[in-house]
Amino acid sequence: MARKTVLVTGGAGYIGSHTCVELLNAGFPVVVLDNFRNSHPEAIERVRKLAAGSLKLVTGDVCDSACLERLFAEESIAAVIHFAGLKAVGESVAKPELYYRVNVGGTLTLIEAMLKAQCSRFVFSSSATVYGDPQEVPVPENARFAPESPYGASKAMVERVLTDVAKANPSWRVALLRYFNPVGAHVSGEIGEDPLGPPDNLFPYVAQVAVGKREYLTIHGNDYPTRDGTGERDYIHVVDLARGHVAALDHLDELHAATAINLGRGIGGTVMEVLRAFEKACGHPIKHVVGPRRPGDVARYFADPAQAEKLLGWRAEFDIERACADTWRWQSRYPDGFRTR
Ligand code: NAD
Ligand code: UDP
């Protein structure tokens with residue numbers, strides 16, 4: 001069956017670019033909408049080199065209703081994957097109004113344009129951060145909702161909006177994909193995570209120490225109740241995550257209204273395990289010191305991924321070692337990301 005066109009908002013970003021590659025490989029024509037606030041147009045050029053097929057780029061803002069209406073009038077869009085948004089937890093605490101404007105306001109603008117164009121298939125980038133400090137691990141989808149930051153709250157709000165819109169419009173099908181910790185890069189080393197400032201997250205930070213851009217990693221606490229005392233997370237390879245989106249599109253019609261689905265491996269890795277795996281990948285020791293716990297961090301956090309397998313037939317394939325090897329290929333080839341000369 002011929003694949004229909006998918007609009008990918010934020011398609012030039014980290015997860016979006018990898019998803020575009022997998023969509024094109026699966027035969028979907030793709031239209032990307034991105035304002036390049038946190039990405040580089042070169043990412044789209046690389047996607048074009050990595051995968052054949054139709055990829056159109058529209059430079060614009062998801063909060064711009066005229067731009068969206070034009071886009072839906074000009075393109076025949078069958079489904080939307082909505083990545084575009086802001087994702088820095090700390091910045092969201094400092095500028096909550098910006099986060100609600102872009103993450104909630106942008107999604108509302110998109111929903112209104114979709115209703116007008118009668119496009120009723122929506123895949124949303126939610127986050128495990130909606131669970132806050134979970135009461136149990138592995139975390140199932142029906143765990144308590146307790147987002148702690150404005151960023152997390154913006155994801156929870158959008159989930160609520162989409163749930164209500166799907167209820168009011170019975171033809172709508174929505175997948176609320178709650179990502180755990182996306183890491184890794186495309187196996188080619190041509191696309192990967194490209195943080196603009198100093199990274200907050202473990203993987204890009206370790207990668208920058210390994211390549212010599214930063215002096216050492218600070219381990220945020222080694223007195224947690226985990227097997228080696230360092231924090232434990234569910235690191236999911238970005239290509240697995242990207243394939244989860246293709247699976248979501250393929251199974252959207254079978255879902256009821258708006259359905260929340262965890263995308264994780266269901267296996268935790270500690271900070272020390274990531275560090276050792278990265279040392280193996282880059283072939284040299286990575287300097288590190290142990291510091292105090294980071295405020296707001298939880299000890300252990302990993303997904304119950306059963307629902308994704310049941311509803312989407314999807315399961316993560318790649319482990320932390322593979323994610324480190326792929327991240328290192330990208331980081332060592334392009335130390336300054338897409339700005340590397
Ligand atoms: P990213 O910043 O690399 O990608 C987001 C893309 O959206 C960027 O290309 C950016 O330029 C674009 N964008 C931002 N605001 C826009 C706007 N107003 N209009 C048009 N484009 C805009 O982030 P990512 O890591 O690829 O994350 C993608 C989505 O997944 C985000 O919604 C994020 O909240 C969610 N998510 C990410 C993680 C993670 O750890 N990376 C975890 C859970 C959920
Ligand atoms: N972490 C760390 N040093 C860093 C960045 C992160 O020790 O420079 C730890 C952090 O405390 C957590 C894990 O690595 O236990 C993952 O952190 P990240 O910010 O990547 O993900 P999140 O905490 O948002 O799940």
Side-chain angles (χ1 to χ4, degrees), residues 8-19 32-41 43-44 58-64 67-68 81-90 92 98-99 101-103 105-107 109-110 124-130 148-149 151-152 154-155 158 177-183 191-196 198-206 208-209 214 216-222 224 226 229-236 238 241-242 245 263-264 268-275 288-302 337:
V8 182
T9 74
Y14 173 43
I15 305 170
S17 57
H18 290 82
T19 302
V32 166
L33 173 74
D34 206 300
N35 66 358
F36 299 107
R37 188 184 200 279
N38 197 38
S39 54
H40 197 287
I44 297 294
V58 177
T59 303
D61 196 304
V62 78
C63 300
D64 178 348
C67 166
L68 284 177
I81 305 182
H82 182 37
F83 293 107
L86 306 179
K87 62 167 184 176
V89 173
S92 82
L98 176 66
Y99 273 65
R101 161 64 59 212
V102 176
N103 291 2
T107 310
T109 307
L110 178 59
F124 177 58
S125 292
S126 190
S127 167
T129 189
V130 297
E148 283 168 6
S149 65
Y151 167 68
S154 75
K155 292 292 179 189
V158 170
L177 302 182
R178 296 181 182 154
Y179 314 154
F180 279 67
N181 290 55
V183 296
I191 55 174
E193 190 168 10
D194 185 19
L196 289 179
D200 290 324
N201 296 116
L202 180 65
F203 254 74
Y205 207 100
V206 171
Q208 292 192 3
V209 177
R214 301 197 183 271
Y216 58 86
L217 170 77
T218 302
I219 296 176
H220 298 321
N222 66 353
Y224 284 107
T226 61
T230 63
E232 186 176 344
R233 296 290 184 276
D234 189 335
Y235 296 102
I236 172 169
V238 66
L241 192 62
H245 290 74
L263 293 185
T270 68
V271 177
M272 277 316 294
E273 287 164 359
V274 168
L275 189 70
H288 57 280
V289 299
V290 176
R293 290 182 177 191
R294 186 171 66 176
D297 267 1
V298 303
R300 302 181 73 211
Y301 207 77
F302 53 92

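As the structure lists them, so they are numbered: ligands from 1, and atoms in each ligand from 1. Computed over heavy atoms, backbone and side chain alike; hydrogens, waters and symmetry mates excluded. None of the values given here were measured: they were computed from a predicted structure.
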Inset, instruction - Could you tell me whether ligand 2 has any atom less than 4.0 Å away from a heavy atom of Tyr216? - result: no
Legend entry - Within-shell test, Asp61 vs ligand 1, heavy atom, strictly < 4.0 Å: yes
Legend entry - Test item, Ala128 contacting ligand 1 (heavy atom, 4.0 angstrom): no
Inset, instruction - Ignoring hydrogens and angles, tell me if any N or O in the side chain of Tyr14 forms a donor-acceptor pair with the backbone of Val183 under 3.5 Å. - result: yes
Legend entry - Asn38-ligand 1 polar pair, N/O distance under 3.5 Å: yes
Inset, instruction - State whether the shortest distance between N or O atoms of Ser126 and N or O atoms of ligand 1 falls below 3.5 angstrom. - result: no
Legend entry - Winner among Arg233, Arg214, His220 once heavy atoms are compared against atom 22 (P) of ligand 2: Arg233
Inset, instruction - Looking only at distances, please establish whether an N/O atom of ligand 1 is found under 3.5 Å from an N/O atom of Ile15. - result: yes
Inset, instruction - Report yes if some heavy atom in the side chain of Val271 is under 4.5 Å from a heavy atom in the side chain of Val206; otherwise report no. - result: no
Legend entry - Which segment of Asn181 sits under 4.0 Å of ligand 2 when only heavy atoms are counted: side chain
Inset, instruction - With heavy atoms only and a cut-off of under 4.0 Å, state how Tyr235 meets ligand 2: side chain, backbone, both or neither. - result: side chain
Inset, instruction - Give a yes/no verdict on whether any heavy atom in Pro182 is under 4.0 Å from an atom of ligand 1. - result: yes
Legend entry - Heavy-atom gap Arg178 to ligand 1 smaller than 4.0 Å: no
Legend entry - Any N/O pair Leu202/ligand 2 closer than 3.5 Å: yes
Legend entry - N or O contact, Tyr205 vs ligand 2, cut-off under 3.5 Å: no
Legend entry - Close-contact set for ligand 2 against Asp200 heavy atoms, below 4.0 Å: 5 (C), 19 (O)
Inset, instruction - Would you indicate whether Tyr216, at its atom OH, is surrounded by more than 12 heavy atoms from other residues, nucleotides or ligands within a distance under 6.0 Å? - result: no
Inset, instruction - Using a strict 4.0 Å cut-off to heavy atoms of Leu217, name the atoms of ligand 2 that fall inside it. - result: 3 (N), 4 (C), 8 (O)
Legend entry - Within reach of ligand 2, part of Asn201 (heavy-atom separation under 4.0 Å): both
